[in-house]
Protein chains: 2
Amino acid sequence: MKRRPTIIDVARTAGVSKSTVSLVLQNSPLVKSDTRAEVRRAMAEIGYVYNRAAANLRSSNAGLIGLVINDLRNPFFTEFATSVQMALSTRGYVTVLANTDDDPDMQAQVVSAMIEHGVSAMVISPSYDGEAETFGAIQRAGIPCLQVLRNVAPAAAGIPFAAPDYRHGTVLAVEHLLEEGARRIAFVGGIEGRSVTFERVSGYLSVLEAVGMEPLVLSGRASRKLGKDAVGILTAQHPTVDAVMCFNDLIGLGMLAGCAQTGIQAGETLKIVGFDDIDECGDSFPALSSVRCNIAAFGEDIAATILNWLEKNEVPVAETRSQVDLIVRESSRRIL
Amino acid sequence: MKRRPTIIDVARTAGVSKSTVSLVLQNSPLVKSDTRAEVRRAMAEIGYVYNRAAANLRSSNAGLIGLVINDLRNPFFTEFATSVQMALSTRGYVTVLANTDDDPDMQAQVVSAMIEHGVSAMVISPSYDGEAETFGAIQRAGIPCLQVLRNVAPAAAGIPFAAPDYRHGTVLAVEHLLEEGARRIAFVGGIEGRSVTFERVSGYLSVLEAVGMEPLVLSGRASRKLGKDAVGILTAQHPTVDAVMCFNDLIGLGMLAGCAQTGIQAGETLKIVGFDDIDECGDSFPALSSVRCNIAAFGEDIAATILNWLEKNEVPVAETRSQVDLIVRESSRRIL
DNA sequence: CTACCAATTTGGAACGTTCCAAGTGGATCA
DNA sequence: TGATCCACTTGGAACGTTCCAAATTGGTAG
């Protein structure tokens, strides 16, 4: 077992200096195309593999991007992470991914590990709590960092933030429920005190207030189970509720299951709208109306934003909101 | 903006040599505990951050593990990737993740990028096709690599393989359906010619052959949609089918939606068993029976296996099969 | 024929670690 | 007292790149 060839081996084989090989690797216009071709040939001949660790040591640009996600098991985040990673990949960057399970200690640990590894930039969907430690370390290291999907660090701290327009999405959906003739609309899911919850609930409340309808909010960690349980709670304790705005699709899909179980006709007796528009919405029964966040496109935008910051030094604005669309399906539409 | 402190700065602050600082970083028992404490204090004082790229250059052990997944959007793979990443993280390793969307070119690209970045080992759930290029590059680089979940490279090529015991899981499930009184059992999903399909179908066929039941296989790319569509096909063309073994849970869940839509009573008129036992199975209506692969535990095992290979040079056996369990729920059980 | 210029190419010094061989100083032993 | 040993400590040479200043080449103008 012999060691991996280096640019010096390539240089020897091609009959040039290591500097020239280096220039070829960087696609420099300085080298003559004959030379370039010869160097390339030599590389192929001896099976040369570029050593980024060494390059990084010298020039500190590893082409590594850190991606930290608080709940990777949620399909919404999975879709986001996948789209960011694939977009970065096409631009020659490699993604270091970590799931934190919303644990601030875990988050602090993975962030510091990423900094040690010399990531050039980070994208983080943070856990609530523990933000000081996490963002402090990132800023001390001077690494460009984009906070996405959830806003925990005050933008004033200098961490730009980007997310779908949750509030507007909720407004669209609740107005739609009103148009479909809903008399009493509940909001299910979301943990109080979190930006993501606040934005949605405030959109919901503002529409209800405008028409003088009394609000009803059932909080809870977003999951299918919560949705399933909510059906029972609503029918037992709030029988006048005839429409529900869900914090996310998992809750909406859970409610569909709950309705099926208790014999309630979702879409007719109880209108339901989810949020996120994950793939499954179109394949459930009844198909679940939802607020589409275009998360794949959002992920690609995030990838582009962070790379522009990195490569062209274009610092993103403090807060960006991406467009959302209401997708109406059977779960909230009158059957004609 | 000043540069990041190095061990030389730490050494100067602590009044020792850089070699001593290096030893402290490696937790060497050689240094006196007073010295160690002083060095640690100095690090904290000047805000030292370890530079792994430099360490890697010298000792070629980056603590980077590559994880390549063919379909990260499928919750089964997400769960696997998450559990591997978190297990590696607790042992001080950082995970480079890439999704390939089953595209061999994408796979070749991300694998070579990972090799450039000096990953110490790789775990790969490969795409079908393109295996020669991918595994060839990994082997040339001399990087320990574990093939998981799907077997595309012949084990003879020296790439160890680990997966749940798909065949046995199918056998358990189909036998269960027979016990529940099924008269005609179909198999839905899976693409022909793939190891994952072959193993399941062969398990299914072997049980059916033993009892003299005629098989019926509906192939197709595993998705909710396929499951939903399959309900229509079965009722229209194969009305005698009263039980279905699904390639995976997505298909099973899609069938539940299809049943709800066409008014078929899943679990009673049509018994359904899925495969993988993703979280959602317990929250669907009716709850979906499934073959549990214990994928989180499997992921942790994989992480342990690859680290043992790396750190203790324990080369894994050519093929490992992990235990699977049948979880019976309402979708296949007689309602009592 | 010389001087100069543009186009290429090049040697050597970084970058921040690890590792090795060698060094230090105090205690113990003959 | 000097030799030996032990427990630490240390200087300097790697590791494989990039980058800079300087060198070389070949062509062209004076």
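So that the names make sense, note that chain A is the first sequence line, chain B the second, and so on, each numbered from 1.
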The helix from C/dC1-D/dG30 to C/dA30-D/dT1: angle between its terminal axes, five pairs each, to 10°? 70°
Salt bridge check, A/Arg4 against A/Asp9: does any charged N sit closer than 4.0 Å to a carboxylate O? no
List the residues meeting side chain to side chain contact (heavy atoms under 4.5 Å, CB included) with B/Asn294, not counting sequence neighbours, and say none if there are none. B/Arg292, B/Ala297, B/Asp325
Strand contacts (DNA chain C) in residues 19-32 of chain B, 4.0 angstrom heavy-atom criterion: B/Ser19, B/Ser22, B/Gln26
If you count the non-hydrogen atoms of other residues, nucleotides and ligands that lie under 6.0 Å from CD in B/Glu133, is the total more than 12? no
Just wondering, do B/Phe298 and B/Cys293 contact through their side chains at under 4.5 Å, heavy atoms? no
For A/Ala303 and A/Leu88, which heavy atoms make the closest approach, and how far apart are they? CB-CD2, 4.0 Å
Which residues satisfy the side chain to side chain contact (heavy atoms under 4.5 Å, CB included) test with A/Asn27, sequence neighbours excluded? A/Arg36, A/Arg40
Across all chains, not counting sequence neighbours, the salt bridge (Lys or Arg N to Asp or Glu O under 4.0 Å) partners of A/Arg140 are none
Residue from B/Leu23, B/Val21, B/Val10, B/Val31 passing side-chain contact (heavy atoms from CB on, under 4.5 Å) with B/Val16: B/Val21
Residues at least two apart in sequence or cross-chain that pass side-chain hydrogen bond (donor to acceptor under 3.5 Å, both in side chains) with B/Thr20, listed by chain then number, are B/Ser17
Applied to residues 31-71 of chain B, the ring-ring contact (aromatic ring centres under 6.0 Å, His included) test, sequence neighbours excluded, yields none
Do B/Gln107 side-chain atoms and B/Pro126 backbone N/O form a donor-acceptor pair below 3.5 Å? no
Sequence neighbours excluded, every pair satisfying salt bridge (Lys or Arg N to Asp or Glu O under 4.0 Å) that has a member inside residues 144-154 of chain B: B/Asp102-B/Arg150
Quick check for you: name the first and last nucleotides of DNA chain D, 5' to 3', having an atom under 4.0 Å from a heavy atom of chain B. D/dC8 to D/dG16
Interface residues of residues 34-43 of chain A with DNA chain C (non-hydrogen, below 4.0 angstrom): A/Thr35
Using a 4.0 Å cut-off on heavy atoms, which residues in residues 46-55 of chain A reach DNA chain D? List them by number, or say none. A/Tyr48, A/Val49, A/Tyr50, A/Asn51, A/Ala54, A/Ala55
Working for side chain to side chain donor-acceptor pair (under 3.5 Å), residues A/Ser112 and A/Glu116: CA-CA 6 Å; A/Ser112 83; A/Glu116 284 186 3; 5.2 Å; no
So which pairs with a foot in residues 91-130 of chain B pass ring-ring contact (aromatic ring centres under 6.0 Å, His included), sequence neighbours left out? none
Has the side chain of A/Thr82 got a donor or acceptor atom that lies under 3.5 Å from a matching backbone atom of A/Thr78? yes
